[in-house]
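Computed from heavy atoms alone, side chains included, the values below leave out hydrogens, waters and symmetry copies. Nothing fancy with the numbering, it's 1 onward along the sequence. Numbering of ligands and ligand atoms starts at 1, following listing order.
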Amino acid sequence: MKKIYTSLVIALLLTGNTSIAQNIEVPIVKDIVKEANENSELERLAHELMDVIGPRLVGTPQMKKANDWAVEQYGKWDITAKNEQWGEWRGWERGITHIDLVHPRIQTLEGTQLAWNPGTSDKGVTAEVIVLPTVKDSLEFQAWLPKVKGKIVLISMKQATGRPDYNWEEFATEASFEKMKAERDATEKEWNENMDRTGYDRRSIIGALEEAGAAALVSSYWSKGFGVNKIFSARTKKIPTIDMALEDYAMIYRMVEYGDKPQIKIVAKSKELGNVPTFNTIAEIKGTEKPEEYVILSAHFDSWDGGTGATDNGTGTLVMMEAMRILKKLYPNPKRTILAGHWGSEEQGLNGSRAFVEDHPEIVENVQALFNQDNGTGRVVKLSGGGFLHSYEYLTRWLDAVPSDVSQHIETEFPGIPGGGGSDYASFLAAGAPAFSLSSLSWSYWNYTWHTNRDTYDKIVFDDVRNNVILTAVLAYMASEDPEKTSREQIVLPINPRTGEQRTWPTPRSPERKGGQ
Ligand SMILES: [Zn+2]
């Protein structure tokens, strides 16, 4: 008993010790760690944002609801926040999507309507399903085209397997894995060549099918993992387009090939809402000594709507909100002003942050540092100097204050090269502001959660998110307290090995202020 007790005490001491160990002792850091671990609000925030508000597609009422929710949350923490309009977007609201196989048997199918396309009546559309034919040329395709009238058309290639490659690698014989890959490549090649022969490409064929009187289109954009599809927007103007999960899509496809004449029923009850205003939510803890200089915590607020946008970018949003809460509690009178920027419409091209950069040159000129997080739930493992010549000097100094159990995962890269896109830090960096991306460990982000129907609360790894909260809060504190204003001097960029030309610093781009038309 005593022995167990002693080792428990040692274990506690060790954990306690490592969690506050850092290269330089900054008294507030251990309070930040304590607050993040003992009074975390992450789980509640995640529930309210992902489960209750749901996905945050630009132009939807849910996006606006999220903006209002964030302002209210900040209010509860006594932090000033506001929604700042930067443009407008085609308003659209997802309704019920229900898809059933009704012939040759009954089965409810997994799929969803794609964003910004017309819905159906309550009755829905019920029709026979057909697939694109193999044709020798565009004349043959034109001759076939009238057959789509009144039919539901499958427009994606049938996948050979619903098992991801890692699963084949683990269990298949080498020969059968190789054979599957060779067959898959051949099918893909034939699919693309056949598409060329129709005289259309995968985008323009949609208009042709719609024009020819198709009742609805069904695509399936497999994300190369079990049960996971990517969900974007549709291109049809008058008829619904749905994305169907690989498993069901391949089954219906086989039914067509075997002559079973499958019929499906689609109910998709979306609503058009006209043009609606779009916002960034901006929260502020006012600086006391240098209020005109800014530390910005940055994460886009919008999402695609196949899932609930949990890791893209619910988790980045939570990191910044929770870091703000902790900073307000422990560091209510910062030297510099600390802003949180929750940007709108990142997914359509960094629109909210580009608008902010355009609308607030006085802030952008005086950014001390910006930290953006937007690649999933994982703990931060990479920090690049982004092409700022002296970033090594200040970023490493700030990182030295971060507890080693957080900083030990981070690989730094100096001076790095400036990112031209990918997420909102790029909007600021293009304008010359020292803006940095906190890059996360993947947790199978690209296949399983990024823009998929599986980007949901259950994928959040709260301990990693908490790790990122501590990191962000400490970096924000250090950047705010720094006696020096950060240098913006840029490196001379290297030659691009692909083109042989000298790389140039990215330049600011204007946002799309009237989107989705
Ligand atoms: Zn994102």
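Distances from the Zn ion (ligand 1) show that Glu347 has no N/O/S atom below 2.8 Å.
Note: Trp450 and Trp446 have perpendicular aromatic rings, judged against thresholds of 30 and 60 degrees for the angle between ring planes.
Between the Zn ion (ligand 1) and the N, O or S atoms of Asp374, the shortest distance is to OD1. Restricting Asp312 to its N, O or S atoms, the one at the least distance from the Zn ion (ligand 1) is OD1.
Side-chain contact annotation: Ser156 with Ser220, donor-acceptor N/O pair under 3.5 Å absent. Using a 3.5 Å distance cut-off with no hydrogens or angles, the side chains of Asp312 and His300 do pair a donor with an acceptor.
Nearest heavy atoms, Glu365 versus Lys485: O-NZ, 3.3 Å.
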